[in-house]
Chemist: 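Sharing a structure, written as structure tokens. Questions coming.
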Amino acid sequence: MNNQAGAARAYNPAEIEGKWYAYWESNGFFEADSESGKAPHVIMMPPPNVTGALHMGHALQDTIQDVLTRLRRMQGFEALWMPGKDHAGIATQNVVERHVKSTRGESRHDLGREDFIAEVWKWVEEYGGRILQQKRCIGDSCDWRRERFTMDEKYVKAVQAIFVRLYEDGLIYRGSYLVNWCPVDQTALSDEEVDNVEQEGHLWHVRYPFAQDSGYVTVSTTRPETILGDTAVAVHPDDERYQHIIGQNVVVPLVERIVPVIADTYVRPEFGAGALKITPGHDKNDFEIGRRHGLDMVTVLDTNAIVNGNGGQFAGLDRFEARERIVDQLAQSDLLDKVEPYKVSVPVSQRSKAVIEPLLSRQWFVRMKPLAEPAIEAVRRGDVRFYPRRWQNEFFRWMTEMRDWCISRQLWWGHRIPVWYHIDDEGKPDAERDYIVAVECPGEGMVQDEDVLDTWFSSWLFPFATLGWPGEDATTRSDLDFFHPTQVLVSGYDILFFWISRMIMASLYVTGEVPFRDVLITGMVKDRYGRWMSKSLGNGIDPIDMIQKYGADAVRYQLTVVCAQGQDVRLHPEGFERGRNFCNKIWNAFNVFGRFLDSNKEYPLRPFTEGSLVERWMVTRLNEAIEAINADIDRYRLNEALTKIHSLFWGDYCDWYLELIKPPHGEPMPDATVGLAAKLYERLIQLLHPFMPFITEELWHRVKRRGPQEACIVSVWPQVTGDLDDPACEVFSRFQDIVTSVRNIRSRYRISPARSVHLVVSLAPGSVQLESPLLACEPYFRRLARVAMLDVGVQVERPKACATSVIGDMEVYLPLAGLVDLEEERRRLTQDLDRKVSFLKRVQGKLTNTRFVERAPVAVVELERQKERDTDSEIRRLRASLEAIA
RNA sequence: GGGCGGUUAGCUCAGCAGGUUUAGAGCGUCUGCCUUACAAGCAGAAGGUCGGGGGUUCGAAUCCCUCACCGCCCACCA
């Protein structure tokens with residue numbers, strides 16, 4: 001049946017997408033030039049991990065960034081969308097490590113550092129470009145010439161330069177602190193890389209015997225294995241129960257260490273027995289207390305979280321095994337008072353999911369306060385604006401609470417720390433002697449720090465490092481001057497703290513400017529039940545699959561339309577049908593006038609006022625829409641803008657305009673009609689282009705033969721070109737109301753679309769001026785409602801046996817001898833009447849309220865008065881019609 | 001323990017700088033159509049006291065308070 005014919009005519013994205021992407025790229029349309037003389041519009045792409053594959057989150061954020069980039073390009077800006085890849089330290093190291101293990105059964109230690117890094121580079125070169133290749137499928141219009149990698153040569157220089165500068169400014173220091181140690185990845189982590197997970201655990205109450213006297217004090221702990229490292233017991237200084245034991249010594253069970261009882265206000269007397277064991281080597285609070293009281297710091301776990309020599313009989317046991325054994329022994333020795341079930345918050349590595357061990361370790365830190373303060377100020381001044389606004393508060397909260405940033409990582413893959421140590425007798429770096437902070441090796445007998453930097457320590461430079469900073473030549477300098485600060489950053493809230501905040505700090509520190517004016521925070525992609533998409537759940541939707549199935553434009557359409565202000569978005573595969581259907585509509589609409597179109601010919605346009613009613617109406621609709629769409633875009637309401645274009649295209653252009661300009665069977669379409677149809681279609685195509693670039697570029701060239709310089713992608717964004725209150729619109733909107741009402745009646749009485757009807761429109765005396773324009777609509781009525789005979793007049797007498805409908809100050813009569821069901825008519829009219837009467841009551845309620853009339857703006861009151869008059873008139877007409885039936 | 005978001009039609013969600021909204025869209029449902037651009041379509045219809053309660057206001061889905069669920073983020077309490 002039609003399916004087959006329909007399928008042949010259906011839009012097939014696969015046929016054209018590749019072609020146009022190559023066309024754009026080869027013509028250099030994505031390239032941005034700092035010398036163009038235009039105003040810049042720059043977006044920095046959040047650089048995806050080199051190891052990554054494209055997921056829906058990227059697809060969503062890229063679509064938004066591309067829409068903004070294409071739009072600004074069309075609006076005459078020098079639009080730069082700066083692409084890049086992130087070396088992603090731990091993630092990449094892990095991936096390559098697994099790869100090496102599985103392909104040749106070797107660990108990275110088998111290879112050694114140098115060879116392993118060579119492997120990583122090989123891997124990056126082979127697979128690293130994949131994600132950016134996938135991004136091309138979505139249509140990303142990035143300036144690929146500028147593509148950067150956070151480990152490329154220039155970038156390395158930038159990272160080293162800022163390290164040295166921060167160090168010289170006293171903002172980077174080396175220190176021994178308890179850091180978040182991941183025993184699986186064998187590295188320190190920043191606080192942001194650690195999640196706290198609530199788990200069912202236990203609270204063990206343990207007796208610590210006094211060293212001199214008999215008796216004991218009971219302490220409570222959730223981590224009995226840390227007993228091995230206890231160096232004090234603390235009580236609250238005001239706790240009367242314990243005044244007498246402060247200063248006494250107790251014996252730490254199992255290790256028999258004699259430790260003092262100290263007083264510290266940190267202890268909460270009401271918790272457990274009110275006494276706290278102190279393990280400065282394995283607990284951040286205890287560490288602080290230890291420092292206050294000058295306590296010994298005993299480390300009992302090694303970097304694998306295995307009990308070390310300080311653990312006596314437990315040495316060699318894993319921390320959790322040790323815990324069990326220790327509890328057993330305590331119980332046997334009658335030192336275990338009791339055990340309670342207890343909810344504990346366990347720190348876990350975001351990446352490896354391993355339980356983090358606070359471990360005393362020498363690391364490099366960035367002093368955050370001096371960097372945070374200018375950033376907070378900048379946001380407070382409004383130099384950076386968050387959309388939606390609420391994220392600003394999240395930003396402030398984090399910036400004020402933030403602690404110093406541990407930036408050294410015990411990994412192989414990453415930026416080496418530019419610090420140099422003297423070599424000791426064994427040829428190893430001597431961390432105890434003076435070190436030198438420098439980009440180049442400062443001289444003989446010096447060796448570079450083994451550690452690398454946190455990945456984010458390079459990403460936070462992205463906005464200026466990719467534009468040429470530190471800049472050794474004139475070209476790069478002018479790029480930085482011209483393109484920085486950028487206009488808008490589009491990202492999810494998941495990296496607000498990791499990246500967005502830090503970029504603001506870095507740019508202000510280095511350039512004195514904010515990195516971007518606006519921050520558009522998108523929601524996160526979820527599955528149809530609102531769950532995160534994850535590999536383990538297997539609920540992810542592959543954007544590439546969706547693009548192959550529905551087309552890139554369809555995917556972009558759906559992602560844009562579904563993405564409201566910062567709200568998480570739920571996706572399911574069938575949802576993309578909506579975009580596909582729209583593409584198909586756009587595709588087929590072209591044929592209506594395209595059949596008559598000669599794409600080599602110029603079609604001169606008639607002056608606006610000489611156009612037909614529907615043409616004037618459509619032009620005005622377009623102008624109204626452009627205005628509204630621009631307003632939406634300026635507020636980053638892309639979903640609303642696209643919905644408006646959708647409804648303009650489908651609801652107005654296709655359903656009314658095209659339907660009315662279609663010539664009867666076999667007849668040609670006049671040139672003037674073709675010309676305007678094509679012109680309007682072009683405007684719609686342009687409005688759609690930022691959102692759906694492929695199909696629009698294809699059709700743009702079908703409408704008219706054009707050279708590359710006239711491509712849709714570089715065409716000028718549509719302007720409002722006329723008056724927004726054309727009188728034709730009033731007539732046309734009446735016409736639409738009447739048509740709808742006739743169709744309604746036809747449907748109610750099951751009148752076949754093939755059957756013609758006689759239509760009578762009765763106008764109120766006040767609307768005489770509509771009489772002849774509506775009569776002139778006869779061909780329109782014939783086409784859209786199969787009206788064979790039309791009567792329009794003022795207060796026309798109601799024909800016998802007709803269906804009736806009241807719209808405003810008009811009555812619509814459809815004489816239908818033998819078909820009209822009087823009961824049905826009565827029911828309909830009564831229902832209408834009831835509705836109007838209750839509405840009128842509401843309106844009159846307002847108008848009789850003197851406070852409303854006094855206080856509401858005049859325009860609002862006048863509007864209500866108008867409603868009252870209209871409704872009152874409708875009610876009278878409905879009553880009259882009901883009487884006529886009775 | 002703090003902070004934030006959500007609760008609107010059967011489903012997924014818009015709308016929330018109070019008044020042209022007598023609350024919209026897509027999907028789904030129902031009715032009728034293969035009307036030569038499109039059945040991935042056309043026409044029509046049904047369906048919501050905008051989570052509960054209170055308040056501010058001439059006027060509240062929209063602002064304030066409160067309660068109830070659902071979700072997220074942050075936090076050093078053994």
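Throughout, a chain's letter reflects where its sequence line sits, starting with A, and its residues are numbered from 1.
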Chemist: Less than 4.5 Å apart, any side-chain heavy atom of A:Thr265 and any of A:His236?
Modeler: yes
Chemist: Should A:Arg851 and A:Glu854 count as an ion pair when the cut-off is N to O under 4.0 Å?
Modeler: no
Chemist: Are A:Arg734 and A:Glu730 ion-paired here, with the side-chain N under 4.0 Å from a carboxylate O?
Modeler: yes
Chemist: Just to be sure I understand the rule, does A:Gln567 reach a base, reach only the sugar-phosphate, or reach nothing, if contact means heavy atoms closer than 4.0 Å?
Modeler: sugar-phosphate
Chemist: When the P atoms of B:G53 and B:G44 are compared, how many Å lie between them, rounded to an integer?
Modeler: 37 Å
Chemist: Which residues pass the side chain to side chain donor-acceptor pair (under 3.5 Å) test with A:Arg531, not counting sequence neighbours?
Modeler: A:Asp527
Chemist: Should the side chain of A:Gln565 and the base of B:A14 be counted as holding a donor-acceptor pair, with the cut-off at 3.5 Å?
Modeler: no
Chemist: To the nearest Å, give me how far apart CG (A:Leu658) and P (B:G41) are.
Modeler: 16 Å
Chemist: Does A:Ile262 reach the side chain of A:Ile289, with side-chain heavy atoms less than 4.5 Å apart?
Modeler: yes
Chemist: Can you tell me how far P in B:C74 sits from the matching atom in B:G15, rounded to whole Å?
Modeler: 26 Å
Chemist: Once side-chain hydrogen bond (donor to acceptor under 3.5 Å, both in side chains) is applied, what residue pairs with a partner in residues 547-559 of chain A remain, sequence neighbours excluded?
Modeler: A:Asp66-A:Arg556
Chemist: Check nucleotides 17-26 of chain B against the protein and report each pair of N or O atoms closer than 3.5 Å, with its distance, or say if there are none.
Modeler:
| from | atom 1 | to | atom 2 | distance (Å) |
| --- | --- | --- | --- | --- |
| B:A17 | N1 | A:Arg635 | NH1 | 2.9 |

Chemist: Taking any heavy-atom pair under 4.0 Å as a contact, classify A:Glu288: base, sugar-phosphate, or nothing.
Modeler: nothing
Chemist: Between A:Glu627 and A:Lys644, does any side-chain N to carboxylate O distance fall below 4.0 Å?
Modeler: no
Chemist: Using a strict cut-off of less than 4.0 Å between a Lys/Arg side-chain nitrogen and an Asp/Glu carboxylate oxygen, indicate whether A:Lys277 and A:Glu225 qualify as a salt bridge.
Modeler: no
Chemist: As a test of understanding, state which of A:Tyr177, A:Trp181, A:Phe287 forms a side-chain contact (heavy atoms from CB on, under 4.5 Å) with A:Leu360.
Modeler: A:Phe287
Chemist: Reckon A:Trp650 has a side-chain N or O less than 4.0 Å from the OP1 or OP2 of B:C42?
Modeler: yes
Chemist: Distance check needed: B:A37 C1' versus A:Ile695 CD1, whole Å only.
Modeler: 13 Å
Chemist: Using whole Å, report how far CG of A:Leu571 lies from C1' of B:C27.
Modeler: 15 Å
Chemist: Could you run down the sub-3.5 Å N/O contacts of the protein with nucleotides 30-33 of chain B?
Modeler:
| from | atom 1 | to | atom 2 | distance (Å) |
| --- | --- | --- | --- | --- |
| B:U31 | O2' | A:Arg750 | NE | 3.2 |
| B:U31 | O2' | A:Arg750 | NH2 | 3.4 |

Chemist: For RNA chain B, which ranges pair as stems of 3 or more consecutive Watson-Crick or G-U pairs, with both donor-acceptor distances under 3.5 Å?
Modeler: B:1-7 with B:68-74, B:10-13 with B:24-27, B:29-33 with B:41-45, B:51-55 with B:63-67
Chemist: In whole angstrom, what separates A:Glu824's CD from B:A45's P?
Modeler: 13 Å
Chemist: Between A:Arg835 and A:Glu874 (salt bridge meaning N to carboxylate O under 4.0 Å), is one present in this structure?
Modeler: no
Chemist: Starting at atom CH2 of A:Trp656, determine the distance to atom P of B:C42, rounded to an integer number of angstrom.
Modeler: 13 Å
Chemist: I want to verify a distance call: between B:A37, B:C13, B:C42, whose nearest atom is closest to the A:Arg570 side chain?
Modeler: B:C13
Chemist: Contact class for A:Cys583 vs. all strands (heavy atom < 4.0 Å): base, sugar-phosphate, or nothing?
Modeler: nothing
Chemist: Provide, to the nearest angstrom, the distance between the CD atom belonging to A:Glu659 and the P atom belonging to B:U36.
Modeler: 11 Å
Chemist: Which is more 5' along RNA chain B, the nucleotide nearest A:Val853 or the one nearest A:Asn581? Just name the residue.
Modeler: A:Asn581
Chemist: Should the pair A:Arg865-A:Glu868 be classified as a salt bridge under the 4.0 Å nitrogen-to-oxygen rule?
Modeler: no
Chemist: Taking B:U31 as the reference, what is the distance to B:A14 when you measure between their C1' atoms (whole Å, please)?
Modeler: 28 Å
Chemist: Per the ring pair (Phe, Tyr, Trp, His ring centres under 6.0 Å) rule, which among A:Trp391, A:Tyr493, A:Phe497 passes with A:Trp398?
Modeler: A:Phe497
Chemist: Could you tell me how far apart A:Lys662 (NZ) and B:C42 (P) are, to the nearest whole angstrom?
Modeler: 10 Å
Chemist: For nucleotides 70-78 of chain B, read 5' to 3', which letter fits each nucleotide if B means a protein heavy atom sits under 4.0 Å from the base, S means only the sugar-phosphate is that close, and - means neither?
Modeler: ---SS-BBB
Chemist: Does A:Glu624 come within less than 4.0 Å of A:Arg621, counting only side-chain N to carboxylate O?
Modeler: yes
Chemist: Assign A:Arg786 to base, sugar-phosphate, or nothing according to its heavy-atom contacts below 4.0 angstrom with the strands shown.
Modeler: nothing
Chemist: Does the side chain of A:Thr522 reach to within under 4.5 Å of the side chain of A:Ile64, using non-hydrogen atoms?
Modeler: yes
Chemist: Can B:A46 be described as syn, meaning its chi torsion is within 90° of 0, or is it anti?
Modeler: anti
Chemist: Measuring from A:Asp191:CG to A:Asn196:CG, what's the distance to the nearest 0.5 Å?
Modeler: 9.5 Å
Chemist: Please state the C1' separation for the pair B:C73 and B:A78 - nearest whole angstrom.
Modeler: 25 Å
Chemist: Side-chain N or O of A:Asn744 less than 4.0 angstrom from OP1 or OP2 on B:A43?
Modeler: no
Chemist: For B:C16 and B:C50, measure between their C1' atoms and round to the nearest Å.
Modeler: 11 Å
Chemist: Could you tell me the separation between the CG atom of A:Asn591 and the P atom of B:G41, rounded to a whole number of Å?
Modeler: 15 Å
Chemist: Across the strands shown, which category fits A:Arg580 at heavy-atom distances under 4.0 angstrom: base, sugar-phosphate, nothing?
Modeler: base
Chemist: State, with a plain yes or no, whether a side-chain heavy atom of A:Asp821 is found less than 4.5 Å away from one of A:Tyr749.
Modeler: yes
Chemist: Rounding to an integer number of angstrom, what distance separates B:A75 and B:C70 when you compare their C1' atoms?
Modeler: 23 Å
Chemist: Taking atom C1' in both B:G52 and B:C69, compute the distance separating them and give it to the nearest angstrom.
Modeler: 11 Å
Chemist: Which part of the nucleic acid, if any, lies within contact of A:Thr740, taking any heavy atom under 4.0 Å across all strands shown: a base, the sugar-phosphate backbone alone, or nothing?
Modeler: sugar-phosphate
Chemist: With P as the reference atom in both, quote the distance from B:G32 to B:A37 in angstrom, rounded to an integer.
Modeler: 24 Å
